[in-house]
Structure formats: structure tokens, C-alpha cells
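Reading through the C-alpha cells given below for one structure.
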Amino acid sequence: MRRLFLPFTLLILALSACDNSGSVSAPEKKVVPQDFAESYFNEEKYIHAYPNAKDSQYLSESIGLYMEYLVLMEDEEKFAEQYDNLLNEFITEEGEENLFVNWLIFEDATVNALIDDIRIAAALREADKLFDQPEYSKTADKIIGTISRIQTNNNYTVDYYDWEIESPAQRVTLSYLISDVPENLNADRLLENVDADAVFFPEYFDVLEEVYVKNEVVHMIDQLLIAINKERIGLSSGLFEEWLITEWEEEGRLFGRYDRETHEPRVMYESLAMYFYMNEYFLVIGEDEKAEEVKERATAIIETNGTAETHFFDFIHYHLMMEDDTK
């Protein structure tokens with residue numbers, strides 16, 4: 001990580017928290033708006049992917065991100081409500097030890113998703129610390145313990161496990177190796193060996209052939225996540241960083257997909273979730289001014305287009321970015 005925090009800045013922040021009498025004022029409590037994300041919930045508060053579309057998918061991705069938001073907002077009641085939903089519909093128990101999180105509910109699916117499980121487990125542990133609910137951490141431990149025991153292939157922790165046919169995936173998606181990945185999953189070794197001689201990263205690692213695989217068209221959310229994941233373990237991405245900064249300075253926007261060889265956009269849409277990760281990446285590499293510009297661009301998109309057709313993934317990432325005081 002390359003962000004620098006100066007003692008003088010910390011002093012100014014401390015002084016600004018004091019009133020005229022010299023006492024430190026309590027931080028303003030965050031509140032989840034009463035109607036927040038209402039159009040994404042069914043009657044039982046399960047989250048469907050698109051607003052006012054109860055026939056759209058109900059994903060573990062959505063509940064994990066929403067739990068992360070509720071931890072950020074310190075909303076104990078709504079978190080407990082989602083925890084019950086997690087247990088009632090998403091969790092599948094196999095035997096005495098194994099606890100799986102279904103990536104999709106209300107449909108016939110028997111597969112989990114590594115990144116969503118890790119995010120949910122991390123949110124549960126943070127909620128335990130915040131609300132003093134040890135049961136949350138116990139559930140998190142069971143989820144991660146199951147992954148550690150059986151979601152492996154050729155000694156690699158892989159993307160998913162199908163518990164109906166008892167079969168693990170054959171690849172590791174590099175964007176899944178987020179900061180909350182437990183150390184015992186040994187994710188860092190795959191990031192350490194990524195080729196640094198190209199602008200864009202390979203998307204995944206084939207665990208049977210033990211080779212990195214590249215797609216012709218790259219998704220920027222994946223690319224940004226991989227760059228962030230590398231920074232987490234102290235590895236910079238000079239070519240990607242240079243390209244991204246130049247693209248932003250020249251265009252003032254980033255598109256969802258690019259050609260791996262030409263570095264030209266292959267689509268003309270932008271993404272709120274992509275801007276969340278772009279904001280995070282700029283903060284990680286010390287480009288705070290550009291990070292703020294990214295937030296402004298995301299807000300401009302919301303103000304122009306609204307959220308009437310916005311996938312929950314984009315909707316909640318935007319609010320995570322705007323509510324997190326560190327972003």
C-alpha cells in the first residue's frame with residue numbers, strides 16, 4: 001500500500017472534532033434510510049437483482065454486499081434480519097461439518113461462489129465485533145472451514161464446489177482473491193506470479209494445467225480487483241496503473257470492457273460497481289484527487305439515469321462508496 005498518513009493531518013482532524021470548549025464531539029451516527037433499497041426486496045426482505053422485478057435472481061452476492069453495507073451503517077436490527085434470511089434459504093448443511101452458501105436461491109442450484117462466501121464470512125465476523133453476537137463468527141468459521149477442507153483441486157482453493165455431485169471447480173478467478181481471503185487458502189502465491197509485462201492481467205488460473213488464462217476482452221471490474229489484490233500483498237502494477245491514469249485523464253470515464261491487445265473499449269457503457277473499485281484502487285495507490293473525481297462521475301451517472309433499471313450489484317456498490325468515510 002502506498003498511501004501516506006501525515007501526523008500533521010491527524011492533528012488537524014483531531015482538533016476539528018472538538019467543539020469550542022475543547023471537548024471531543026461524538027461522531028454522527030449513520031442511519032439506513034427507511035426506504036433504502038425498498039424496490040429490491042420481496043415481502044420477506046430477500047434481495048432480487050433488479051428493482052421491482054421479483055422474478056429476477058436472488059444471489060448470495062447481493063446478501064453479502066448488503067450485509068457489508070449494514071455493518072458499515074451499524075444497523076443491528078436489519079443485519080439480524082438478513083442473517084436469518086441467510087440461514088433460512090442460502091445455507092445448506094451437508095453432514096455434521098460442512099456448511100455451504102448457495103450462490104442462487106429459489107432455483108435449482110447446488111453450487112457456492114468463493115468470493116461471495118468470503119465476503120459473507122467477513123461481514124459476519126465484523127458484525128460479531130460490532131453487535132457482540134458470537135453466533136455470527138461461529139457461522140463464518142463453518143463457512144470458511146468448509147471451503148478449506150473440501151473446496152480444493154490439485155492443492156488450490158478453487159472458485160466453487162458442487163455438493164450434489166461432490167465436484168470442485170478447475171480454476172481460480174484472480175479477482176476473487178480479495179483482502180478477506182483467509183491466509184490458510186494460500187491465495188497470494190497466484191497473485192505473486194502474474195505476468196507484469198502487459199497492461200491487462202490474466203483472468204484466472206487453470207489448476208489442472210497450472211497455467212494462467214487470458215480472455216480476448218477484459219472486464220474492468222475484474223482488472224481493477226486484481227490490481228487491488230496485488231497491491232494488498234505489496235505488488236504494484238506499473239503498466240496497468242499508467243494506462244488507467246492516462247485513460248482517465250484523457251477520457252474522464254472508463255468503459256466496462258476493453259480489448260486486451262488494442263486497449264480500446266469494446267462496449268460504451270459505464271458501471272457504478274466498476275467506479276467503486278476504481279475509486280478504491282486510486283486511493284490505494286495514493287491518487288486521492290482522482291479517487292474523488294471517480295465518485296463525482298458515479299454520482300453524475302445516478303443523477304442523469306436514476307436507478308430504475310440498476311442491478312443491485314451496482315446500486316449497493318455506489319452506496320458503499322458514498323457512505324464509507326475512508327473512500
Side-chain angles (χ1 to χ4, degrees), residues 59-61 64 101 103-104 109-119 147-148 150-163 165-244 247 254-267 269 271 273-274 276-278 280-281 284 313:
L59 305 168
S60 62
E61 169 187 272
V101 181
W103 81 280
L104 175 69
T110 58
V111 173
N112 69 326
L114 179 64
I115 189 172
D116 301 326
D117 291 10
I118 290 168
R119 185 184 289 119
I147 293 171
S148 300
I150 67 172
Q151 195 167 316
T152 62
N153 196 338
N154 199 21
N155 295 317
Y156 294 94
T157 300
V158 292
D159 286 0
Y160 63 82
Y161 184 83
D162 187 326
W163 53 89
I165 61 175
E166 299 183 349
S167 176
Q170 296 182 9
R171 72 182 194 180
V172 183
T173 299
L174 301 182
S175 59
Y176 284 11
L177 306 180
I178 58 177
S179 60
D180 295 311
V181 174
E183 288 186 10
N184 68 331
L185 300 189
N186 296 315
D188 294 356
R189 58 178 170 157
L190 293 180
L191 296 171
E192 290 168 353
N193 295 321
V194 170
D195 182 8
D197 295 328
V199 168
F200 296 129
F201 313 107
E203 280 77 15
Y204 66 91
F205 182 79
D206 185 312
V207 301
L208 298 184
E209 298 293 332
E210 296 194 290
V211 294
Y212 292 93
V213 179
K214 303 175 182 178
N215 293 328
E216 177 184 335
V217 177
V218 302
H219 292 239
M220 289 314 302
I221 288 178
D222 292 335
Q223 295 295 308
L224 288 161
L225 264 168
I226 295 168
I228 292 166
N229 295 342
K230 289 184 64 186
E231 289 285 343
R232 171 179 61 81
I233 61 172
L235 298 175
S236 60
S237 304
L239 292 177
F240 176 78
E241 179 182 326
E242 181 182 357
W243 173 84
L244 183 67
E247 190 76 8
L254 196 68
F255 296 107
R257 302 182 188 185
Y258 284 79
D259 187 281
R260 179 176 294 279
E261 297 301 323
T262 68
H263 309 154
E264 294 297 320
R266 291 285 291 265
V267 297
Y269 66 77
S271 159
M274 177 190 69
F276 169 92
Y277 291 111
M278 190 175 180
E280 183 172 333
Y281 179 64
V284 165
F313 184 74

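Atoms considered below: every heavy atom in the structure, side chains included; atoms not considered: hydrogens, waters and symmetry mates. In this text the structure is predicted, and so the values were computed from the model without any measurement.
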When you measure from the side chain of D159 to the backbone of T173, do you find a donor-acceptor pair of N or O atoms at a distance under 3.5 Å?
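It does hold such a pair.
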
How close do [X] and [Y] get, heavy atom to heavy atom, and via which atoms?
| X | Y | result |
| --- | --- | --- |
| N154 | V207 | ND2-O, 2.7 Å |
| F255 | P265 | CD1-CB, 3.7 Å |
| A273 | I221 | CB-CD1, 3.9 Å |
| A169 | N153 | O-ND2, 3.0 Å |
| V267 | G256 | CG2-N, 3.8 Å |

How about N112 and Q151: does a side-chain donor come under 3.5 Å of a side-chain acceptor?
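N112 vs Q151: donor-acceptor pair found between side chains.
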
Using a distance-only test with no angle check, is there a side-chain donor-acceptor pair under 3.5 angstrom linking Y156 and R171?
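There is no such pair (donor and acceptor under 3.5 Å, judged by atom type) between the side chains of Y156 and R171.
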
Flag side-chain contact, heavy atom, 4.5 Å: [X] against [Y]:
| X | Y | answer |
| --- | --- | --- |
| S236 | E231 | yes |
| D117 | Y161 | no |
| W103 | L59 | yes |
| L224 | F240 | yes |
| V172 | T157 | no |
| M220 | Y277 | no |
| N229 | I178 | yes |
| R119 | I115 | yes |

More than 12 non-hydrogen atoms from neighbouring residues, nucleotides or ligands closer than 6.0 Å to CD on E247, yes or no?
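Yes.
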
Salt bridge (Lys or Arg N to Asp or Glu O under 4.0 Å) against E216, all qualifying residues, sequence neighbours excluded
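Here the qualifying residues are R266.
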
Scan the side chains in residues 189-203 for donor-acceptor partners under 3.5 Å anywhere in the protein, sequence neighbours excluded, and list what turns up.
unit_1: R189; atom_1: NE; unit_2: N186; atom_2: O; d: 3.4
unit_1: R189; atom_1: NH2; unit_2: N155; atom_2: O; d: 2.6
unit_1: N193; atom_1: ND2; unit_2: R189; atom_2: O; d: 3.1
unit_1: D195; atom_1: OD1; unit_2: D197; atom_2: N; d: 2.8
unit_1: E203; atom_1: OE1; unit_2: N215; atom_2: N; d: 2.8
unit_1: E203; atom_1: OE1; unit_2: R260; atom_2: NH2; d: 2.9
unit_1: E203; atom_1: OE2; unit_2: R260; atom_2: NH2; d: 2.9

Just how far is it from atom CG of D188 to atom CG of L177, taken to the nearest 0.5 Å?
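It comes to 8.0 Å.
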
Rounded distance (nearest 0.5 Å) linking atom CG of L244 with atom NE2 of H263
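These two atoms lie 12.5 Å from each other.
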
